[in-house]
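A short write-up of the structure that comes next.
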Amino acid sequence: MSENASLPVVPATADAEPAPPARFDTLPLDPKLLRAVADSGYLTMTPIQAKAIPIVLEGRDVMGAAQTGTGKTAAFSIPLLQRMLKHENPSVSPARHPVRALVLAPTRELADQVADNVKKYAKHTQLRSVVVFGGVDMKPQTAALKAGVEVLIATPGRLLDHIEAKNCVLNQVEYVVLDEADRMLDIGFLPDLQRILSFLPKTRQTLLFSATFSPEIKRLAQSYLQDPILVETARPNQTASTVEQRFIAATDDDKRAIIKQILKERSISQAIVFGNSKLGVARLARSFERDGLRTAALHGDKSQDERLKSLDAFKRGEVDLLVATDVAARGLDISNLPAVFNFDVPFNAEDYVHRIGRTGRAGASGLAVTLVTKSDARLVADIEKLIKRKIDLDAFELENTERPRFERRPRDESFERSERYERPDRPVRTTSPALRTPAPSADPFFNKPYEASARDEPPAWEKAKAAAPIKGLSSYIKPKRQVAALFGAKKPTAPAEG
DNA sequence: AAAAAAC
């Protein structure tokens, strides 16, 4: 609570609150925008839209937090366009091509997606938008910028390039949006971000949106906002309640077999598999491909062309699995994605929320499976603390089948892989110990009984929350102790790490 | 422990 002390807060509504959803056409929006919204098939607003849009229209700075997949992009782009329409045809000379609104996103694919949305809502207006990001030719971007553009959507690095090349002028920017704001404000992005903000007028409207805001980032963010309003819907740092979350105790050798078995057992047509490293993702993708699954990889060591191809192939359903790093964790809107697997537990608990938020979007159901090894205890505890939910580890019984000998699939030239990951084939184990059903062991980690029923009950902290505001998590969950119990006591024989 | 974002 303390981090919000100075912020006026629009109270979060409870999930069960039976307020009738408000329609977009009750908003004081220009008919051109209402028409575009209607064209998109939207009739009623999501909670974050209903709360944030009127406040953005008032011209206030906003910090907006809402679950993944609940329409944050529309929540800022529609009212922003409305504000800009007040002087749709600026009297400023087009030769000076002043950018009036700037939207920053942490990945190229997300910037592209946000730009698509902005274009969609602005299509009946005169307002022009363009997206700029790295990995592609600068020339077409430069040409578009020089022709004049009112809304600029960008990733930080390429935008700085354009600024230095004097391809755009940002000293007349009236509106700034940080999408995935907590990521944009983290240590990796902050220097570039500050640099960019230094080119902007101090007087402007600033909007920060994300599904996750840590207390530290909330505090930091306030130094970039003027007299802001915090707009939160219920359960910040949560994904949609329609996502079934499972945590499965695994060994590194079991992980691929577990994923394949779950895909089969639950007849999952498509899934994203997240890994923590580019190299690991590249290898994992090749492994699934060898097993006959149609697989595409998405990570930062691929060319932008390959990245685009992978994502498009996945969106079009031409591949079953998208194996990706956290480049795909945030914001990407893939409709009706049934499942997400965390092959590796993410290093940041926030990224867990974003990763599994790729499924269960817009009210759809989804499955999120996280494979947990012994060394992940700390990370799981972090996730437990963030999502304020008790995490139970499921034991998983692999089918006692021998790994089928697979045929090498012919190389698909349309998915040329980067050569740096080519490795000689490892010898195939015909009786992989990893594929045997684990024998009962004395290790409590693997003897956790399979409990399917209890997990979906509202956790105790949720009930307590209704009665009193949460002061600290410690009274509701004991992550460290609980995970310690799950993973067993530390081996007394283990040598101390230096 | 990593990834992302510029050339």
Side-chain angles (χ1 to χ4, degrees), chain A residues 102-115 131-142 145 152-168 178-197 199 210 212 217 252 272-285 297-308 310-311 322-332 342-355 358 372-383 418 420-421 497-498:
Chain A
L102 176 64
V103 184
L104 294 171
T107 68
R108 298 163 182 176
E109 286 78 6
L110 185 55
D112 205 23
Q113 178 184 298
V114 170
V131 61
V132 302
F133 52 75
V136 295
D137 194 358
M138 273 186 85
K139 284 188 214 95
Q141 299 175 357
T142 304
L145 288 171
L152 176 53
I153 301 103
T155 51
R158 178 55 66 92
L159 176 60
L160 283 169
D161 267 1
H162 282 296
I163 293 172
E164 270 161 32
K166 304 225 187 296
N167 295 336
C168 56
L178 302 188
D179 198 10
E180 305 297 339
D182 59 326
R183 166 62 80 242
M184 301 304 292
L185 289 166
D186 88 7
I187 199 72
F189 276 108
L190 200 53
D192 277 359
L193 181 68
Q194 282 174 325
R195 188 97 202 289
I196 291 167
L197 294 180
F199 292 101
S210 185
T212 53
I217 292 290
D252 287 324
I272 300 183
V273 181
F274 282 104
N276 282 354
S277 76
K278 291 179 279 197
L279 180 59
V281 159
R283 285 176 177 159
L284 186 59
L298 180 55
H299 58 75
D301 275 350
K302 283 183 158 281
S303 71
Q304 194 52 37
D305 185 54
E306 289 173 313
R307 282 167 61 161
L308 203 71
S310 286
L311 189 57
L322 182 68
V323 187
T325 59
D326 281 325
V327 70
R330 284 173 174 257
L332 295 188
N342 289 314
F343 187 87
D344 298 317
V345 183
F347 291 125
N348 296 323
E350 280 84 6
D351 288 333
Y352 170 81
V353 171
H354 288 277
R355 283 180 181 187
R358 295 318 98 215
V372 181
T373 65
K374 278 189 172 184
S375 55
D376 298 325
R378 175 66 184 278
L379 301 176
V380 172
D382 290 345
I383 293 170
S418 135
R420 57 188 285 187
Y421 293 133
E497 293 288 328

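Treat the numbers as computed from the prediction; the structure is a model and nothing was measured. What you see below is based on every heavy atom in this structure, not just the backbone, and it leaves out hydrogens, waters and symmetry mates.
For the pair H354(A) NE2 and dA4(B) C1', the interatomic distance rounds to 14 Å; values are reported in whole Å. Atoms CG (L159(A)) and P (dA6(B)) sit 9 Å apart, rounded to a whole Å. Atom CD1 of I196(A) is separated from atom C1' of dA6(B) by 11 Å (rounded to the nearest Å). As a whole-Å value, the separation of I187(A) CD1 from dA5(B) P is 18 Å. The nearest whole Å value for the distance from the CG atom in D351(A) to the P atom in dA1(B) is 18 Å. Rounded to whole angstrom, the span from the CG atom of D186(A) across to the P atom of dA3(B) amounts to 14 Å. Going from atom CG of L332(A) over to atom P of dA3(B) covers 18 Å, rounded to whole Å. For M184(A) and dA3(B), the CE to P distance is 19 Å, given to the nearest whole Å.
In the set dA1(B), dA3(B), dA5(B), the nucleotide with an atom closest to the side chain of R183(A) is dA3(B). Listed candidates were dA5(B), dA1(B), dA4(B). Nearest to the side chain of L379(A) is dA1(B). Listed nucleotides: dA6(B), dA1(B), dA4(B). Nearest to the side chain of F133(A): dA6(B). Closest to the side chain of F347(A), out of dA4(B), dA1(B), dA5(B), is dA1(B). Of all nucleotides listed (dA5(B), dA6(B), dA3(B)), dA5(B) comes nearest to the side chain of R307(A).
The shortest non-hydrogen separation linking M184(A) to F189(A) is O-CB, 3.2 Å.
For the side chain to side chain donor-acceptor pair (under 3.5 Å) test, no residue two or more places apart in sequence or in another chain qualifies with D305(A). Residues meeting the side chain to side chain donor-acceptor pair (under 3.5 Å) test with D326(A), sequence neighbours left out: R355(A).
Base contact: N348(A) has a heavy atom under 4.0 Å from a base atom. Residue N276(A) is in sugar-phosphate contact alone, with no base atom involved, counting any heavy-atom pair closer than 4.0 Å across all strands shown. In this structure, G188(A) reaches the bases: a heavy-atom distance under 4.0 Å links it to at least one base atom across the strands shown.
Taking side-chain N and O atoms only, T155(A) has a distance below 4.0 Å to OP1 or OP2 of dA6(B). The side chain of T325(A) places an N or O atom within less than 4.0 Å of a non-bridging phosphate oxygen (OP1 or OP2) of dA4(B). Residue R108(A) has a polar side-chain atom (N or O) positioned under 4.0 Å from OP1 or OP2 of dA5(B).
Using a cut-off of 4.0 Å between Lys/Arg side-chain N and Asp/Glu carboxylate O, E164(A) and R195(A) are scored as salt-bridged.
Here the side chain of Q113(A) pairs a donor or acceptor atom with the backbone of G331(A) at under 3.5 angstrom.
In the interface, the side chain of D326(A) is not paired with the base of dA2(B) through any donor and acceptor atom under 3.5 Å apart.
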